[in-house]
Amino acid sequence: MTKRSIHWFRKGLRLHDNPALLAACENAVDVKPIFILDPWFASSARVGVNRWRFLIQTLQNLDQSLKNTILGTFVTCCKGYPRRSFPELFKQWETTHLTFEFDIEPYAKVRDAAVKALAEKSGVEVMTCVSNTLYDTDKVIKANGGNPPLTYQRLQTVLSKMGAPPKPVEGPKEIKTKIAANHDTEYGVPTMADLGKDDSECGPLLFPGGESEGLKRLDTMMKKQYYYYSLYYLYNWVCKFEKPKTEPNTLSPSTTVLSPYLKFGCVSARTFYHDVQNVYRQNKNHTQPPTSLLGQLFWREFYYVIASVSPNFDKMEGNPICTQVDWDDNKEYLNAWREGKTGYPFIDAIMIQLKTEGWIHHLARHAVACFLTRGDLWCHWEEGMNVFEEWLLDADWCLNAGNWMWLSASAFFHQYFRVYSPIVFGKKTDKDGNYIRKYLPQLKHFPTQYIYEPWTAPLKVQEKAGCVTEKRKTESSEDGTPKKRRKTEGKNSKITDFVKKSK
DNA sequence: TCGAACGTTGCTATA
DNA sequence: TTATAGCAACGTTCG
């Protein structure tokens, strides 16, 4: 039998560690690597211009890697709903095999099941591989007795029983394909303009998309060294990494910024994992999960495993792991937060960085998420999640929802009285407010003494600094105590109520 | 079955 | 300077 394959790229936009792509290539006379611009994503307002740019660059890079280096083929980009596109493609290309990476997202599950059924109807053999996560999430759940581990420690226990995640596989050596004459015009990688997006709305290009950029960044981070306490001892930065000790408000990132590359699968989590292990082997002493760099990959795994089986994971209602809270519906507060106009310079600077650059430090995410929800504004975490989904380069469905539940103390984290102060928290790592001065240039000349609380400066000082503050858009408790108390009952009492009623 | 322990990264007051 | 209690809308795990 003559094997003619389609490898369907969705996430996993890479050649390295892509087992489904390898499977497509094996003994095939023709392989079509395709990416489908799904209108479900394209029509969604929740992809900001910066992430569109990242995706386009990633596709261009993939196209180039396939075209110019070893493989002599193209990424074919199609527009349309996958379930409508595939039957025609199967016929046109006389396809016998379809391969793609396994995905746990609800939309993907439905989409993939539909495509699988279509393929089988057309006599096309389907093969999927797990390569987005370190482990097969179903196997993790099985190893935990059929339920997802709801605490990090529990996950660690389960993973330690499972051993190391699989080693990454090599990229394909050769892809055979026949290129259609109309390839570039009909099936080439689209530009921003093709998608109706305005390049000029993008922020500065700090993190270009693509596998090449991702692997380069990974390599740089793995080799990063620094002098620790002394000019004589060089340490591997990776071995000393402790997340809580990295700073949210430095002028250049204090962490790896590999997250956008993991989100799109430009860099394989398994490649990342085994690279870190290689660095660890060179140094006896290194930090440990959950705060270590490897620990961060386990956090990703944590949310993927739980999200893979939790109903309504990205919503409060109908979500059995989420505490039901009577959040306010305050559009004014939400808008002020979104647009960086709360009146708290630390909060506003973070939101401006997010909007313009598409990446903010993990602890900066904590500060603004806590502020929007349980800390101060009492807005719904889903609203914050939606804003992050639009603006973050690394917006990853389950990580985003999971972290918003965490920060709003709706799931996983419950010590509601641990509230980040919009004034004090930033001061600890940026006493002079240089981060604020960068993202809020209107405060550039404000005296350091008042920069975290400009409304406390005497009017004369404000005038001299060239910025007179308005009344704050939002009010805050400011002292690290939650502003409000929950009106509704916790998850368990809710369930008890339900049981009582049904009896 | 139930209670104790404790949970990736808060803040303030007090000793 | 550093350690600790207290906050008092908590929930999961484990013995």
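In the text below, chain A, chain B and the rest are named by the order of the sequence lines, each starting its count at 1. Values below: all heavy atoms of this structure, side chains included; hydrogens, waters and symmetry mates excluded. Because the structure is a prediction, the values reported are computed rather than measured.
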Using the [atom1] atoms only, state how far [M] lies from [N], rounded to an integer number of Å.
N     : M     : atom1 : answer
B:dA5 : C:dA5 : P     : 14 Å
C:dA8 : B:dC2 : P     : 29 Å
C:dC7 : B:dT8 : P     : 24 Å

Distance-only donor-acceptor test (3.5 Å): side chain A:H366, base B:dT8: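 Not at all, since no donor on one side and acceptor on the other fall under 3.5 Å apart.
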Donor-acceptor pair present, A:H414 side chain and C:dT12 base, under 3.5 Å: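 Answer no: no donor N or O sits under 3.5 Å from an acceptor.
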Minimum-distance nucleotide (side-chain atoms of A:Y416 versus B:dT8, C:dC10, B:dT12): C:dC10
Nucleotide nearest A:V424 (side chain, heavy atoms from C-beta), chosen from B:dT12, C:dC7, B:dT9: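 Per side-chain heavy atoms of A:V424, the pick is B:dT12.
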side-chain N/O A:R418 vs B:dC11 OP1/OP2, d < 4.0 Å: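 No, outside the criterion.
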Short side-chain N/O contact to B:dG10 OP1/OP2 from A:K428, under 4.0 Å: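 A:K428 to B:dG10 OP1/OP2: no side-chain N or O under 4.0 Å.
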Electrostatic pair A:E213-A:K216, nearest N-O below 4.0 angstrom: yes
Charged N-O contact under 4.0 Å between A:R300 and A:D394: no
B:dT8 pyrimidine/purine six-ring stacking with A:Y152, under 5.5 Å and 30°: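 Ring-base stacking flag not set for A:Y152 and B:dT8.
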Atom-to-atom span, [atom1] of [X] to [atom2] of [N] - whole angstrom:
X      : N      : atom1 : atom2 : value
A:Q153 : C:dG11 : CD    : C1'   : 14 Å
A:Q415 : C:dT12 : CD    : P     : 13 Å
A:H362 : B:dT8  : NE2   : P     : 12 Å
A:N403 : B:dT8  : CG    : P     : 13 Å
A:R154 : B:dA5  : CZ    : C1'   : 16 Å
A:M405 : C:dG11 : CE    : P     : 15 Å
A:L150 : B:dG7  : CG    : P     : 16 Å
A:I321 : B:dG7  : CD1   : P     : 20 Å

A:Y344 and A:D376: side chain donor to acceptor below 3.5 Å: no
Sugar-phosphate only, base, or nothing, as touched by A:F412 at under 4.0 Å among non-hydrogen atoms: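 Result for A:F412 = nothing.
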Sugar-phosphate only, base, or nothing, as touched by A:E242 at under 4.0 Å among non-hydrogen atoms: nothing
Pairs touching residues 271-280 of chain A that satisfy side chain to side chain donor-acceptor pair (under 3.5 Å), sequence neighbours left out: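 Side chain to side chain donor-acceptor pair (under 3.5 Å) check on residues 271-280 of chain A returns A:S268-A:T271, A:Y273-A:Q277, A:N278-A:R281.
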Ring pair (Phe, Tyr, Trp, His ring centres under 6.0 Å) assessment of A:Y107 paired with A:F41: CA-CA 10 Å; A:Y107 173 75; A:F41 290 107; 5.7 Å; yes
Pairing residues for [X] by the salt bridge (Lys or Arg N to Asp or Glu O under 4.0 Å) criterion, not counting sequence neighbours:
X      : result
A:K109 : none
A:D112 : A:R10
A:K355 : A:E339

Stretch residues 300-312 of chain A: residues that reach within less than 4.0 Å of DNA chain B through a heavy atom: none
Heavy atoms from other residues, nucleotides or ligands near NZ of A:K444 exceed 12 (cutoff 6.0 Å):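 Open.
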Parallel, tilted or perpendicular: rings of A:W299 and A:W406 (30°, 60°):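 Perpendicular: the ring planes of A:W406 and A:W299 meet at over 60°.
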Consecutive Watson-Crick or G-U pairs in runs of at least 3, all under 3.5 Å, in which DNA chain B is involved: B:2-7 with C:10-15, B:10-15 with C:2-7
